[in-house]
Amino acid sequence: MDNTVYFAAVDASTTTTAISILSMVDDNKFILHDKTSLIAPRLRKKDDSKFLNKKNMYDMFKFYFDSLNIRISFAVFENYSYGSPGHLADLGELTGLFKFYLNSASIPFDTIPPTSVKMIVGKHGHASKPALAEAIIPYVVNIKDFVFNNYDETDSVAIGIAYAIKMMGHIDESTENIQPPKKVRRRKQP
């Protein structure tokens with residue numbers, strides 16, 4: 001029986017969504033099992049609502065997860081970057097579709113702020129995409145087995161690494177706060 005905890009890290013975008021499948025081995029080291037980019041196809045007809053683009057991206061997301069031969073324990077998304085330019089509402093709708101799929105597939109999910117990813121992996125809150133791509137190298141034991149097609153893919157790996165390290169830190173903190181039970185002195189019976 002495989003006791004490995006496989007998890008998905010998602011860098012969602014209405015143009016290119018990147019997904020990485022990772023597992024943690026030890027000492028903040030990870031194995032990258034798969035990664036992909038879902039790229040929105042050009043639409044032949046005008047879509048002012050931009051819904052067809054999100055529906056196409058959802059269909060690719062669903063196909064990818066339905067085709068996996070790995071049991072995903074959970075997924076993590078990079079949370080929205082409210083200070084970044086772009087179409088936040090469109091990204092929110094798309095991510096909602098992705099979360100709907102994961103919920104339907106009984107895969108729990110969480111988010112991590114972009115600044116946390118940059119702080120944990122890139123070592124400062126303003127790490128650039130190229131700096132983050134370099135920063136993931138020492139964390140991924142099989143990094144040389146992969147060719148990355150864009151920074152979205154390396155960002156998805158960084159999201160997964162940062163989330164796992166952050167959660168392991170919470171686990172370590174909680175075990176440090178556990179006090180051994182006090183011995184209870186029993187009174188002698190008269």
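- Across every non-hydrogen atom of Met57 and Thr14, the tightest pair is CE-O, 3.5 Å.
- Inspection of the Asp66 and Tyr101 side chains reveals an N or O donor paired with an N or O acceptor under 3.5 Å.
- Here Ser73 pairs with nothing under the side-chain hydrogen bond (donor to acceptor under 3.5 Å, both in side chains) rule; sequence neighbours left out.
- Listed for the Asp11 side chain is no donor-acceptor partner under 3.5 Å among the backbone atoms of Glu78.
- The shortest distance between side-chain heavy atoms of Val5 and Met24 does not fall below 4.5 Å.
- In this structure, Thr4 contributes its side chain and Tyr6 its backbone to no donor-acceptor pair below 3.5 Å.
- When the ring-ring contact (aromatic ring centres under 6.0 Å, His included) test is applied to Phe98, the partners found at least two apart in sequence or on another chain are Phe61.
- Heavy atoms only, all atoms of each residue included: Ser37 and Asn150 are closest at OG-ND2, 3.0 Å.
- Side-chain contact between Val140 and Ile161 is present, with heavy atoms from C-beta onward closer than 4.5 Å.
- Here the side chains of Tyr64 and Thr36 are in contact, with some heavy-atom distance below 4.5 Å.
- Checking side-chain atoms of Ser116 against main-chain N and O of Ile112 turns up no donor-acceptor pair under 3.5 Å.
- Listed by first and then second residue, the salt bridge (charged side-chain N to carboxylate O under 4.0 Å, His left out) pairs involving residues 21-41 are Lys35-Glu153 (not counting sequence neighbours).
- The line from CG of Leu32 to CG of Asp145 is 8.5 Å long, rounded to the nearest 0.5 Å.
- No continuous path of ILVMFWY side-chain contacts below 4.5 Å connects Ile136 to Met119, so the two sit in separate hydrophobic clusters.
- The side-chain heavy atoms of Lys118 and Leu132, taken from C-beta on, include a pair separated by under 4.5 Å.
- Following chains of ILVMFWY side-chain contacts shorter than 4.5 Å, one can reach Met167 starting from Ile159, so the two form part of one hydrophobic cluster.
- Placement of Ile70 and Leu38 within a single hydrophobic cluster is found when ILVMFWY residues are connected by side-chain heavy-atom separations under 4.5 Å, directly or transitively.
- Put simply, the side chain of Ile107 reaches to within 4.5 Å of the side chain of Arg71, judged on heavy atoms.
- Here the straight-line distance linking atom OG of Ser156 with atom CG of Leu22 works out to 7.5 Å at 0.5 Å rounding.
- Evaluation of the side-chain contact (heavy atoms from CB on, under 4.5 Å) rule for Ile31 yields Ser23, Val25, His33, Val141, Asn142 as partners, not counting sequence neighbours.
- Under the 4.5 Å side-chain heavy-atom criterion for Ile, Leu, Val, Met, Phe, Trp and Tyr, Val157 and Ile143 are members of the same hydrophobic cluster.
- Residues Asp152 and Ser13 fail the side-chain proximity criterion, which asks for heavy atoms closer than 4.5 Å.
- Interatomic distance, CG of Leu94 versus NZ of Lys55, reported as 12.5 Å (0.5 Å rounding).
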Donor-acceptor pairs under 3.5 Å, side chain of residues 122-131 to any protein atom, not counting sequence neighbours: which ones?
{"from": "Lys123", "atom 1": "NZ", "to": "Ile120", "atom 2": "O", "distance (Å)": "3.1"}
{"from": "Lys123", "atom 1": "NZ", "to": "Tyr139", "atom 2": "OH", "distance (Å)": "2.9"}
{"from": "His124", "atom 1": "ND1", "to": "His126", "atom 2": "N", "distance (Å)": "3.3"}
{"from": "His124", "atom 1": "ND1", "to": "Ala127", "atom 2": "N", "distance (Å)": "3.3"}
{"from": "Ser128", "atom 1": "OG", "to": "Ala131", "atom 2": "N", "distance (Å)": "3.2"}
{"from": "Lys129", "atom 1": "NZ", "to": "Asp155", "atom 2": "OD2", "distance (Å)": "2.3"}

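- Distance CG/Leu97 to CG/Leu102: 11.0 Å, rounded to 0.5 Å.
- Rounding to the nearest 0.5 Å places CG of Asn56 at 13.5 Å from CD1 of Ile39.
- For Tyr163, the ring-ring contact (aromatic ring centres under 6.0 Å, His included) criterion is met by Phe74, not counting sequence neighbours.
- Follow the hydrophobic side-chain contacts under 4.5 Å out from Ile19 and you reach Phe109 in the same cluster.
- To the nearest 0.5 Å, atom OG of residue Ser104 and atom CZ of residue Phe65 are 13.0 Å apart.
- Here the closest non-hydrogen pair linking Ala164 and Phe30 is CB-CE2, 3.5 Å.
- At a threshold of 4.5 Å between non-hydrogen side-chain atoms, the residues Thr16 and Tyr151 do not count as touching.
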